[in-house]
Amino acid sequence: FAVCRELSAAFCQAGPRHDQENSFAFALADQVRAVGLPGLNIPKRFGGWGADIATTARCVELLAYGDPAITLGFNMHWGVVGFFRGMWSPAHQERFFPGVARHGHLFDGVYSETRAGVIGLADTRAVPVEGGWCVSGRKSWGTLSLVADFHTFNATITDADGELPDEHTERAVREVMLVCPADAPG
């Protein structure tokens with residue numbers, strides 16, 4: 001917890017200026033990476049700290065004493081890691097988690113849409129193409145997207161012609177969470 005208390009002081013110092021300027025605290029992402037916090041809740045077998053949800057929540061609380069708004073951005077990363085710990089196969093975890101633990105890779109969360117909000121079915125479409133998906137749509141915002149190494153977002157897999165299913169249950173079954181490298185073209 002000492003790392004979080006120390007970093008909280010940096011959050012406290014930076015927060016008011018960034019609030020006043022309506023700017024993003026880019027330098028804090030470097031500090032978070034430098035102390036290894038992206039790996040907070042990455043399992044130890046991948047080189048992370050292995051924090052459970054209670055420990056992660058306590059770290060978030062300590063950081064938020066410094067600046068709640070800045071902390072919220074990084075909390076999105078830890079939340080996404082938590083989702084993926086429960087959702088991903090061991091192979092998928094092996095693909096991404098070591099980079100988080102060793103290199104400080106950050107995930108953002110790009111889920112909100114104008115019509116659907118955060119909890120409705122995604123209007124963002126993932127059309128099947130050779131080798132993957134052609135994704136199109138518009139999200140309202142992306143928490144931590146300015147410094148993320150990977151964008152995570154929800155989309156609905158369409159029919160081959162790009163159309164969404166008409167039936168609500170079928171559409172819900174086709175909703176997926178995708179990961180895209182931040183430096184990918186498009």
Side-chain angles (χ1 to χ4, degrees), residues 3 7 10-11 14 18 21-49 51 56 59-60 63 67 69-114 116 118 122-158 162 174-186:
V3 169
L7 200 53
F11 282 29
H18 288 287
E21 296 172 0
N22 193 28
S23 61
F24 186 82
F26 287 96
L28 291 178
D30 294 335
Q31 289 180 267
V32 167
R33 285 182 168 114
V35 298
L37 268 180
L40 174 65
N41 61 342
I42 295 291
K44 289 182 179 182
R45 69 183 177 277
F46 299 114
W49 296 14
T56 302
C59 288
V60 168
L63 292 169
D67 188 87
I70 292 170
T71 301
L72 183 63
F74 293 102
N75 184 64
M76 177 59 77
H77 163 78
W78 295 308
V80 167
V81 167
F83 298 153
F84 291 157
R85 282 179 68 167
M87 293 171 54
W88 276 353
S89 68
H92 283 102
Q93 290 182 28
E94 180 65 40
R95 180 177 175 191
F96 291 99
F97 286 175
V100 175
R102 294 185 192 121
H103 306 295
H105 292 165
L106 291 168
F107 293 112
D108 66 9
V110 186
Y111 304 108
S112 181
E113 297 184 356
T114 302
V118 176
D123 290 328
T124 299
R125 298 169 187 234
V127 181
V129 296
E130 187 176 332
W133 313 101
C134 179
V135 177
S136 63
R138 183 179 179 99
K139 300 294 187 178
S140 299
W141 72 83
T143 304
L144 205 61
S145 63
L146 295 175
V147 294
D149 299 283
F150 295 96
H151 300 302
T152 71
F153 56 95
N154 58 330
T156 303
I157 298 172
T158 69
R174 292 191 190 185
E175 184 151 341
V176 295
M177 287 178 63
L178 299 174
V179 178
C180 179
D183 60 359

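Along the sequence shown, the residues carry numbers beginning at 1.
- P38 has its side chain out of reach of H105: every pair of non-hydrogen atoms, C-beta onward, lies at least 4.5 Å apart.
- Applying the side-chain hydrogen bond (donor to acceptor under 3.5 Å, both in side chains) criterion to T152, with sequence neighbours excluded, gives Y111.
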Run the numbers on F46 and V100 for side chain to side chain contact (heavy atoms under 4.5 Å, CB included), then give the verdict. CA-CA 9 Å; F46 299 114; V100 175; over 6 Å; no
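- The salt bridge (Lys or Arg N to Asp or Glu O under 4.0 Å) check on E130 picks up nothing, with sequence neighbours excluded.
- Sequence neighbours left out, the pairs with a member in residues 73-90 that pass side chain to side chain donor-acceptor pair (under 3.5 Å) are S89-H92.
- Partners of R125 under the salt bridge (Lys or Arg N to Asp or Glu O under 4.0 Å) rule, at least two apart in sequence or in another chain, do not exist in this structure.
- Between F153 and V135 there is a side-chain heavy-atom pair separated by less than 4.5 Å.
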Show, in sequence, the C-alpha distance, side-chain angles and deciding distance for R45 and F97, and conclude whether the side chain to side chain contact (heavy atoms under 4.5 Å, CB included) test is met. CA-CA 9 Å; R45 69 183 177 277; F97 286 175; over 6 Å; no
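- Considering only heavy atoms from C-beta on, I42 stays 4.5 Å or farther from F96 through its side chain.
- H18 meets the ring-ring contact (aromatic ring centres under 6.0 Å, His included) test with no other residue; sequence neighbours excluded.
- Side chains of N154 and T124 form no contact here, defined as non-hydrogen atoms less than 4.5 Å apart.
- The side chain to side chain donor-acceptor pair (under 3.5 Å) contacts involving residues 25-37 comprise R33-D149, where partners must be two or more places apart or lie in separate chains.
- Residues L106 and F74 are in side-chain contact: their nearest non-hydrogen atoms beyond the backbone lie under 4.5 Å apart.
- Atom CZ of F26 is surrounded by more than 12 heavy atoms from other residues, nucleotides or ligands within 6.0 Å.
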